[in-house]
There are 2 protein chains.
Amino acid sequence: MKQLHDERDALDHLFALSAATSEFMERGLAQRGLSRARASVLWALHRQGPMTQRELSDAVGVTPRNITGLVDALEACGHAVRNPHPSDRRATIVSLTDKGNETMDGVQNGYRESASRLFSDMPEEDLAAFLSVADRLIGRVREHPPARHSTPGRTSPLS
Amino acid sequence: MKQLHDERDALDHLFALSAATSEFMERGLAQRGLSRARASVLWALHRQGPMTQRELSDAVGVTPRNITGLVDALEACGHAVRNPHPSDRRATIVSLTDKGNETMDGVQNGYRESASRLFSDMPEEDLAAFLSVADRLIGRVREHPPARHSTPGRTSPLS
DNA sequence: TATTGTTATACTCTATAACTATA
DNA sequence: TATAGTTATAGAGTATAACAATA
């Protein structure tokens, strides 16, 4: 009885934490004029360097058609550029511009500040417990349920 | 040095947990043919009973125009019905159908199973630590940053 | 034949603004 | 004058399918 209630309370907390965190992250991106979808492209380029749109498609987890649109938008606002592939004339290489790199550095610094603000005064053992539980939950949540083909758009910030 | 790394690691975990949880929840809804936006309307009706579209608009946090579209879709798939307001001829009352109630009961039972699967074998003190940390994080994440006007579409499952 | 990136098309979710019927 | 819900329009993000250029 008590245990059952605790479990449901925990799932409630998990959902609430997920929603709040998601809004938190998107608010940070919005300050720099980025949507989550566009930021996910910039993250991939920032972490892994220049790559073709096909590679971006795999890295970000959306179809090549969508990469066309996202890169169009990022090019229009000066965060990325398209260049011809040196040896494969079908392909185009997408790279970050200086502005794109500055933006992503800023996002990264923002995350550092956030991390400090959220966790710096948290007791060591609470932090450890949170990391441990989060690890287990991530694993369970990913493996168990009837896995459909991936839902798009998860970004993986904080390189 | 060590502490700084721990903080960033914790934020990383928080983002990853948020993304995984969000996919987990939407997967559960998708099994029943529901998107998050439509499920949020059904949740509001399931929790609070029949209400006008205007009230739904406030409950769900989207514009009245969007409620029109969402209710159109829910009516088309038999989960909800529109009826005239008894005293205000401008307004329409939206209610769950039997099918809508069954669907939401199923979603709720699914969440109960999920809660059990995720948390039932977790040591009491880990569960307590997670709840405590989650509470603190939700508060910090909501208050601190340059709060824009609300991002839409958070559902609040598990009544 | 297979791959890269595009055009064409469609669907969902979001928004504002203008309009109709009612209060 | 104000409110409830609609139409009209727009934009982002997702998807498939067909096609051109190239491998």
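Small disclaimer: the values here were computed from a predicted structure and weren't measured. Proteins come first, then strands; the chains are lettered A, B, ... in the order of their sequence lines, and each starts at number 1.
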Rounded to whole Å, CG of B:L29 lies from C1' of C:dC13 at a distance of 15 Å
Rounding to the nearest 10°, end axes of the helix from C:dT1-D:dA23 to C:dA23-D:dT1 built from five pairs each make an angle of 20°
Whole-Å distance, A:L56 CG to C:dT6 P, equals 11 Å
Sorted by position of nearest nucleotide on DNA chain D, 5' first, the leading residue of B:I67 and A:L70 is B:I67
So salt bridge (Lys or Arg N to Asp or Glu O under 4.0 Å) across residues 63-72 of chain A, not counting sequence neighbours, yields A:D72-A:R82
| Short side-chain N/O contact from A:T63 to OP1 or OP2 of D:dA15, under 4.0 Å | yes
In whole angstroms, the gap separating C1' of C:dT12 from CD of B:E26 amounts to 12 Å
When rounded to whole Å, the CG to P distance for the pair A:D72 and C:dT6 reads 7 Å
Measuring to OP1 and OP2 of D:dG13, would you say a side-chain N or O of A:S35 lies under 4.0 angstrom away?
yes
Contact under 4.0 Å: B:T68 side-chain N or O vs D:dT6 OP1/OP2 = yes
Note, A:L127 side chain near B:D9 side chain (heavy atom, < 4.5 Å) = no
Residues passing the salt bridge (charged side-chain N to carboxylate O under 4.0 Å, His left out) test with A:D135, sequence neighbours excluded, are none
Residue set satisfying side-chain contact (heavy atoms from CB on, under 4.5 Å) with A:S18, at least two apart, ordered chain then number -> B:S18, B:T21, B:S22
A:M51 CE to C:dT4 P, in whole Å, measures 14 Å
A:R32 meets the salt bridge (charged side-chain N to carboxylate O under 4.0 Å, His left out) criterion, sequence neighbours left out, with none
For B:D121, the salt bridge (charged side-chain N to carboxylate O under 4.0 Å, His left out) test, sequence neighbours excluded, returns A:R140
What residues 79-95 of chain B contributes to the DNA chain D interface at heavy-atom separation below 4.0 Å is B:R82, B:R90, B:A91, B:T92
Taking only side-chain N and O atoms of B:R65, does any of them lie within less than 4.0 angstrom of OP1 or OP2 on C:dT16?
no
A:E75 atom CD is separated from C:dG5 atom P, nearest whole Å, by 13 Å
With sequence neighbours left out, the residues meeting salt bridge (charged side-chain N to carboxylate O under 4.0 Å, His left out) with A:D88 are A:R90
Of the candidates D:dT6, C:dT14, D:dT14, the side chain of B:Q53 sits closest to D:dT6
Here the distance between atom P of D:dA2 and atom CZ of B:R54, to the nearest Å, is 15 Å
inquiry  = Strictly distance-based, threshold 3.5 Å: is any side-chain N or O of B:T103 a donor or acceptor partner for the main-chain N or O of B:K99?
reply    = yes
Residue set satisfying side-chain contact (heavy atoms from CB on, under 4.5 Å) with B:E113, at least two apart, ordered chain then number -> none
To the nearest angstrom, the CG-P distance between B:N66 and D:dT7 comes to 14 Å
